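Shown next, in structure tokens, is the structure this report addresses.
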Protein chains: 2
Amino acid sequence: MKNQDDHLNHAIIEFYEKLSSWEMAVVKDNGFSLPQVHIVEILGLNGPMRMKELAGKIGVTTGTLTVQIDKMVKAGLVLRRAHETDRRSILVELTDPGQVMFEEHDKLHMQLTTDLTVQFSEAERAQMLDFFNRINKEF
Amino acid sequence: MKNQDDHLNHAIIEFYEKLSSWEMAVVKDNGFSLPQVHIVEILGLNGPMRMKELAGKIGVTTGTLTVQIDKMVKAGLVLRRAHETDRRSILVELTDPGQVMFEEHDKLHMQLTTDLTVQFSEAERAQMLDFFNRINKEF
DNA sequence: CCATATAGTTCGTTAATCAAAGTAATAATC
DNA sequence: GATTATTACTTTGATTAACGAACTATATGG
């Protein structure tokens, strides 16, 4: 006894699962770990942010994040910078190589997005964007 | 110099990140591990499937999956069943408690979907569903 | 048949994670 | 403005997840 909303819900979950699986496959080929690519992705999209905020976004404790950021600093992908007003806080930001990595990864996403919406009209793509924007705002 | 398609791409990634973060938060509260909930979710949506296929969907090796399924069998969430025609293969399926767990988790997703689209008209929700269906088909 | 490929398991090792304890800075209370 | 509580981050020890390679069993194709 499935209604329209169940279908929408399951379509969203299916999309999420497929994207998740795609992401893992893509990451496996590029030498970096999934959490690290995840961090690069978030910093690339949102800009520098505090450890706490970043940990929240990827869903790990700050302890876990500290270890990951240590590795990424060593690998030259990110750097730690002092927070201007709150000296307890630290801002994590992409280095130039980190930014390059983000852009390359983003290109793959862009290609996927293009492929998935290849049969969409301009108007449909615009509407899809509007839907996502409204949903993200609500999230 | 961002165009429309870049925005759509980034809106999709943002949605994915938020959903991913939401999923982690939800899972953390219910006592089971993320991979296990993930498996329940996939089996609930797609029905019984072979180890190989399931491993592909969640993006791990079959070796990793064997260990997880062992735990889940012990926990009473899934069971192993012989494949009818291929005796090398094994079908993994949800037990009744596993199905219950799926349905409860699915309810949370449903609530989220409802919340996120609360300002959508009926027609917009229908169109959104159509978009996701077409994208998932292409994926 | 025999060789090769495929599905799943086992096992040793590495990576990721958490929780708890520790440090330092800020905010709140009195 | 001194004290207490809270917040941000790090460190550490233990647990869990993951990979890859070796192994068993079945299937497939000369």
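Convention: sequence-line order gives letters A, B, ...; per-chain numbering from 1. Bear in mind the structure is a predicted one, so any value in this text is a computation, not a measurement.
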- Please state whether the phosphate of dC19(D), meaning OP1 or OP2, lies under 4.0 angstrom from any side-chain nitrogen or oxygen of K28(A). yes
- Query: Quick one: is Q36(A) getting a side-chain N or O under 4.0 Å of the dA16(C) phosphate, OP1 or OP2?
  - Reply: no
- Item | Q68(A) CD to dA17(D) P, straight-line distance once rounded to whole Å | 16 Å
- Query: Which residues in residues 49-60 of chain B have at least one heavy atom lying under 4.0 Å from any atom of DNA chain C?
  - Reply: R50(B), M51(B), K52(B)
- Query: Would R125(A) and E122(A) pass as an ion pair if we require N to O under 4.0 Å?
  - Reply: yes
- Could K107(A) and E103(A) be called an ion pair, given the rule that one side-chain N must be under 4.0 Å from one carboxylate O? no
- Under 4.0 Å between a side-chain N or O of T61(B) and OP1 or OP2 of dC19(D)? yes
- Rounded off to whole Å, could you give me the CG-to-P distance for the L65(A) and dT11(D) pair? 13 Å
- Counting only side-chain N and O atoms of S33(B), is one of them less than 4.0 Å from OP1 or OP2 of dA17(D)? yes
- Task: Take the protein atom CD1 of I69(A) and the nucleotide atom C1' of dA16(C), then report the distance between them rounded to whole Å.
- Result: 14 Å
- Does R80(B) put a side-chain nitrogen or oxygen below 4.0 Å from OP1 or OP2 of dT9(C)? yes
- Query: Do any side-chain nitrogens or oxygens of S89(A) fall under 4.0 Å of OP1 or OP2 in dC9(D)?
  - Reply: yes
- Item | Nearest-Å distance for atom pair CG/C1', residues L34(A) and dT16(D) | 16 Å
Taking only nitrogen or oxygen atoms into account, show me every contact under 3.5 Å that the protein makes with nucleotides 20-29 of chain C, one pair per line with its distance.
| from | atom 1 | to | atom 2 | distance (Å) |
| --- | --- | --- | --- | --- |
| dT26(C) | OP1 | R87(A) | N | 3.2 |

- Establish, with yes or no, whether the OP1 or OP2 oxygen of dT17(C) is under 4.0 angstrom from a side-chain nitrogen or oxygen of T64(A). no
- Task: Would you kindly give the CG-to-P distance between D70(B) and dA18(D), to the nearest whole Å?
- Result: 14 Å
- Query: Are the charged groups of D130(A) and R134(A) less than 4.0 angstrom apart, N to O?
  - Reply: yes
